[in-house]
Amino acid sequence: MSILVVGSLCLDHTLFVSSLPGRGETAIAGSSLVSFGGKGANQAFAVKRAGGEVAFLACLGDDDAGEAYRDHFEVNGISPEGMISSADHPTGSAFLGVEDSGENFIIINPGANHALRPADLDRHRDLFDEAGILLLQMEIPFETTVHACRLARQYGIATIINPSPWHDSFNTRDFPCDVLILNEHEMAALVGDSGWRLELSLLDRLGIQILIVTQGSKATLAIDTTGEVLECEPPEVTPVDTVGAGDTFAGAFAVAFSEGRELGDAIRFANQAAALSILRAGAQGATPIRLEIDSGVMT
Ligand code: RIB
């Protein structure tokens, strides 16, 4: 079952520091990295590396970065068919600081990501027609994401949303989906209560089938329409760079879901992929392949 990712791509410019500077402070970096990122592209890459069949619909700039991104995806076996170009905007870029503890900050210049319009999705309806699952994040215009959700309903394909970066206007009424993947902070913001609990009534209220809440190194919680609440402990690792871990989780989960695996099993697979992804620097450069996820060892 093919997975269609509609979303963002960025060129990531990362500075590695021992400790992130506070406001008004200057820090000296020990090293730097320019790498391929963007939440949508990271998810698509994670799907491919986890052994899934993927199509990617995104907008890049008509510039060197866009050209490099297109080549990068082709070399890695992801078709550039759905990667359109904007002559008016640069390829998206992100500026990141990562400290020794693995914590980070990210500032995004969306560029061409904000030029991906609903009409572009209409021009690529064939990708929706061929897909079994739609995977989304929130770095492209809201109306485009909403339109993707509606097209998915029209074509009868399951939608998984990881609403990151979080925006207070996100709700599942406007963004109809089947599976929601959130971190614990996004979950509190969504339900307006930091003392949330996973209950069947929540699925009814949100109009979804599966709710997954990741909690960093703590257990990932999940509930589906059986009402059973799952708690899946992620593997213990010492993080090098946590950038893109959530994207890797979402991509790997989508693959396991597409294979019809039990919810707990799919979450354990995604937890393993995310844990391995934080052992190396960079978002996509750290994404594990299927063999590594299955064995739990980075080769
Ligand atoms: O989730 C990590 C990603 O967020 C980075 O690759 C950066 O591009 C930002 O979009």
Side-chain angles (χ1 to χ4, degrees), residues 5-17 20 32-50 54 56-61 63 65-66 68-70 72-73 76 78 83 89-99 102-116 135-142 144-145 160-167 170 181-186 212 214-216 239-254 270-271 273-288:
V5 180
V6 177
S8 61
L9 52 78
C10 291
L11 209 55
D12 287 356
H13 303 261
T14 308
L15 294 173
F16 295 92
V17 291
L20 291 174
S32 64
L33 176 73
V34 178
S35 59
F36 297 102
K39 293 186 195 306
N42 294 348
Q43 288 183 347
F45 202 76
V47 168
K48 182 70 189 176
R49 303 269 286 180
V54 67
F56 184 44
L57 189 36
C59 185
L60 34 74
D63 49 20
Y69 222 121
R70 205 182 282 277
H72 163 64
F73 262 31
N76 283 284
I78 301 175
M83 293 169 79
H89 302 85
T91 296
S93 49
F95 299 84
L96 304 87
V98 176
E99 69 173 23
E103 279 306 309
N104 63 69
F105 72 78
I106 305 178
I107 300 173
I108 299 164
N109 178 15
N113 291 306
H114 275 189
L116 186 66
L135 178 57
L136 297 165
Q137 2 57 51
M138 302 294 288
E139 281 184 339
I140 56 172
F142 275 18
T144 307
T145 309
I160 303 173
I161 303 186
N162 175 213
S164 179
W166 178 256
H167 195 286
F170 176 81
I181 302 174
L182 305 145
N183 65 34
E184 72 265 51
H185 311 293
E186 294 161 347
I212 300 170
T214 60
Q215 307 191 97
V240 171
D241 177 359
T242 57
V243 171
D247 310 328
T248 301
F249 182 97
F253 176 82
N271 269 345
L276 291 173
S277 79
I278 64 179
L279 296 178
R280 286 201 287 241
Q284 291 171 32
T287 311

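Read the numbers this way: they start at 1 and go in the same order the structure lists the ligands and their atoms.
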- Message: Are Ile140 and His114 packed together at the side-chain level, in the sense that at least one heavy-atom pair is separated by less than 4.5 angstrom?
- Response: no
- Who passes side chain to side chain contact (heavy atoms under 4.5 Å, CB included) against Ile78, sequence neighbours left out? Phe45, Lys48, Val54, Phe56, Phe73
- Note on the structure: Chain-and-number sorted residues having a heavy-atom contact under 4.0 Å with ligand 1 are Cys10, Asp12, Gly37, Gly38, Lys39, Asn42, Ala94, Ile106, Ile108, Glu139, Val243, Gly244, Asp247, Ala283
- Message: Does the plane of the ring in Tyr69 sit parallel, tilted or perpendicular to the ring in His72? Use 30° and 60° as the thresholds.
- Response: perpendicular
- Item | Ser164 vs Glu186 side-chain heavy atoms within contact, under 4.5 Å | yes
- With sequence neighbours left out, write down each residue that passes side chain to side chain contact (heavy atoms under 4.5 Å, CB included) with Ala250, or none if nothing qualifies. Gln43, Leu135, Asn162, Ile181
- For Thr242, all residues meeting side-chain hydrogen bond (donor to acceptor under 3.5 Å, both in side chains), sequence neighbours excluded: Asn104
